[in-house]
Amino acid sequence: MIFNKSNLKDMDKLICDEVNYLDDDLFIYSLGCKIFIREKIHGGLVEIILPKSRSDLPFQPRIIRRLLRTNKCNILRIDEDKIFILRQFKCFIYDLRKQSLVHVLSLDRTRNVMANSVCQFGDEGLIFGDYYSNDHGGDVYLHFSFDGYNFDKIKISNQIPMRHIHNVQYFDEIERYFVCTGDYDGQCWLIELDHSLEICDVHGDGTQTFRTCSINYYNGSLWWGMDSPLEDSHLIEYDYKTKNLVDKFAIPGPCLYSVLRKNELVLSTSSEPSMNKICPSLGLFNMELKTFTNMIYLKKDFWPYIFKFGAIALKSNSDKEFWCNFEGISGLDSRSINISSF
């Protein structure tokens, strides 16, 4: 299916800052410091109001939330009862059964992380990496917890040069965690960790080819879209065992998010300051036929880039439900749209 703005308007949509999490039971979205948890089966709706940060002004329209980054929130359900929330340097656990909110961690530098980059760790824990501007070679840590309440951290930047961590992901097929780092040449790596968070291997040569925010494992290969405004972007196929680049395919721009659905990879590209002619887009790559189809091109809104890039964050519940969060895009900013039917 090729989208256009008219058929996007006909799809199920929600006006909010973003859809943060979804699974078979829960649908969670946010608006500023308010978190809304919808129970799909029973139809209940719980509203959580997080403690306000210094950046949460009394009156804060969407464009100011974009400027101050108060529209961002990271959420992960880590077991049946516990929801992890990261917003504005503060981490919380919300207990669904007790309906209680507990502050569990304060971060020094990381205000929020990228969408989809908090990873399940063990049965009841989580792991994520520091994501901040870090223009002066500051320390970069992995933060982890076995239960969601008690945290520890590992300094990883003293072992491998990096600016910050884009993402942490886990693949059941090979039972390994992968840490994606960036941003400049000599800082872009795929770091492979075991269950004890020991480094097993470091994939890549540090160049922009290995700069990514989202990787996927399929048929023995790692796949990712390059997140580089410095070079032409490609979708990369990389053989996990031989460590060889198998193939690469041109994509319209820097790729921030990707989701694997059966044998198809959905990718979103962004518009960034150094690439003014690049339009935000959604694309579909068939893993078997190795063909790429552009689904829709969109337009960055008129606000300067300090108010955020034009980007489309992807939220998927396996093959059942698929949402796009639109940010900085003309006519669609603050819209989350259900594109499951495509």
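What you see below is based on every heavy atom in this structure, not just the backbone, and it leaves out hydrogens, waters and symmetry mates. In this text the structure is predicted, and so the values were computed from the model without any measurement.
- Under the 4.0 Å criterion applied to side-chain N and carboxylate O atoms, Glu321 and Lys315 are not assigned as salt-bridge partners.
- Counting only N and O atoms by type, the side chains of Asn116 and Asn167 include no donor and acceptor under 3.5 Å apart.
- Ion pairing of Asp333 with Lys308 is absent here, as no side-chain N (NZ or NE/NH1/NH2) approaches a carboxylate O to less than 4.0 Å.
- Considering all non-hydrogen atoms of both residues, Lys290 and Phe285 come closest at CA-CZ, 3.4 Å.
- Residues Ile199 and Ile160 are in side-chain contact: their nearest non-hydrogen atoms beyond the backbone lie under 4.5 Å apart.
- With respect to Lys153 and Asp139, no salt bridge is recorded, no charged nitrogen being found less than 4.0 Å from a carboxylate O.
- Of all heavy-atom pairs spanning Cys91 and Leu107, the tightest one is SG-CD1, 4.2 Å.
- Gln208 contributes no side-chain N or O that, together with a main-chain N or O of Leu230, makes up a donor-acceptor pair within less than 3.5 Å.
- To the nearest 0.5 Å, atoms CD (Gln159) and CE (Met162) are separated by 8.0 Å.
- The two residues Leu45 and Phe36 make their nearest non-hydrogen contact at CD1-CB, 4.1 Å.
- Distance alone, capped at 3.5 Å, is enough to place a donor-acceptor pair between the Trp189 side chain and the Pro161 backbone.
- His203 and Phe178 have tilted rings, their planes meeting at an angle from 30° to 60° on a 0 to 90° scale.
- Of all non-hydrogen atoms in Leu267 and Cys255, the two that sit nearest each other are CD2-SG, 3.8 Å.
- For the 3.5 Å distance criterion, the side chains of Asn216 and Ser258 qualify, holding a donor opposite an acceptor.
- Here the closest non-hydrogen pair linking Ser30 and Cys73 is OG-CB, 4.1 Å.
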Pair Tyr170-His195, ring-ring contact (aromatic ring centres under 6.0 Å, His included): steps then yes or no: CA-CA 10 Å; Tyr170 179 78; His195 285 260; 5.4 Å; yes

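- Other residues, nucleotides and ligands contribute only 12 or fewer heavy atoms inside 6.0 Å of the CD1 atom of Ile306.
- Looking only at distances, a side-chain donor or acceptor of Gln120 sits under 3.5 Å from a matching main-chain atom of Ile78.
- Using modelled atom types, one finds no donor on one side chain facing an acceptor on the other under 3.5 Å when comparing Ser196 with Glu198.
- For the residue pair Asp239 and Asn244, no side-chain donor N or O sits within less than 3.5 Å of a side-chain acceptor on the partner.
- Rounded to the nearest 0.5 angstrom, Met226 CE and Cys213 SG are separated by 11.5 Å.
- Under the 3.5 Å distance criterion, with hydrogens and angles disregarded, no donor-acceptor pair is assigned to the side chains of Glu288 and Asn286.
- Side chain to side chain, Asn325 and Ser336 meet the donor-acceptor criterion of an N or O pair below 3.5 Å.
- When all heavy atoms of Ile339 and Cys324 are compared, the pair lying nearest together is CD1-SG, 3.5 Å.
- At least one donor-acceptor pair under 3.5 Å links the side chain of Gln187 to the backbone N or O of Tyr184.
- The aromatic rings of Trp223 and Tyr218 lie perpendicular to each other, with more than 60° between the two planes, well past the 30° mark.
- Side-chain atoms of Lys300 come within 3.5 Å of backbone N or O of Trp303 as a donor-acceptor pair.
- Note that CG of Leu235 is 9.5 Å distant from OG1 of Thr212, once rounded to the nearest 0.5 Å.
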Evaluate the criterion side chain to side chain donor-acceptor pair (under 3.5 Å) for residue pair Tyr132 and Asp130; output intermediate values, then yes/no. CA-CA 6 Å; Tyr132 65 105; Asp130 274 331; 5.6 Å; no

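- Ring geometry, Phe27 versus Tyr29: the interplanar angle falls from 30° to 60°, so the pair is classed tilted.
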Determine, stepwise, if the pair Tyr131 / His164 fulfils ring-ring contact (aromatic ring centres under 6.0 Å, His included). CA-CA 5 Å; Tyr131 182 69; His164 50 216; 4.7 Å; yes

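- At least one test fails for Lys13 against the ring of Phe326: distance under 6.0 Å to the centre or angle within 45° of the axis.
- A donor-acceptor pair is defined here as one N or O able to donate and one able to accept, closer than 3.5 Å; no such pair exists between the side chain of Trp224 and the backbone of Arg211.
- Ring orientation note: the planes of Tyr141 and His143 are tilted relative to one another, at an angle of 30° to 60°.
- Asn74 places a side-chain N or O within 3.5 Å of a backbone atom of Val113 that can act as its donor or acceptor partner.
- Gln88 and Asp56 are not linked by any side-chain donor-acceptor pair at a separation below 3.5 angstrom, with hydrogens and angles left out of the test.
- At a cut-off of 3.5 Å, with distance as the only test, no side-chain donor of Tyr240 or Glu173 sits close to an acceptor on the other residue.
- A 4.5 Å side-chain heavy-atom check between Asp25 and Glu39 finds every atom pair outside the cut-off.
- Ion pairing of Lys243 with Asp201 is present here, as a side-chain N (NZ or NE/NH1/NH2) and a carboxylate O approach within less than 4.0 Å.
- Ion pairing between a basic and an acidic side chain is recognised when a charged N comes within 4.0 Å of a carboxylate O; Lys82 and Glu124 show such pairing.
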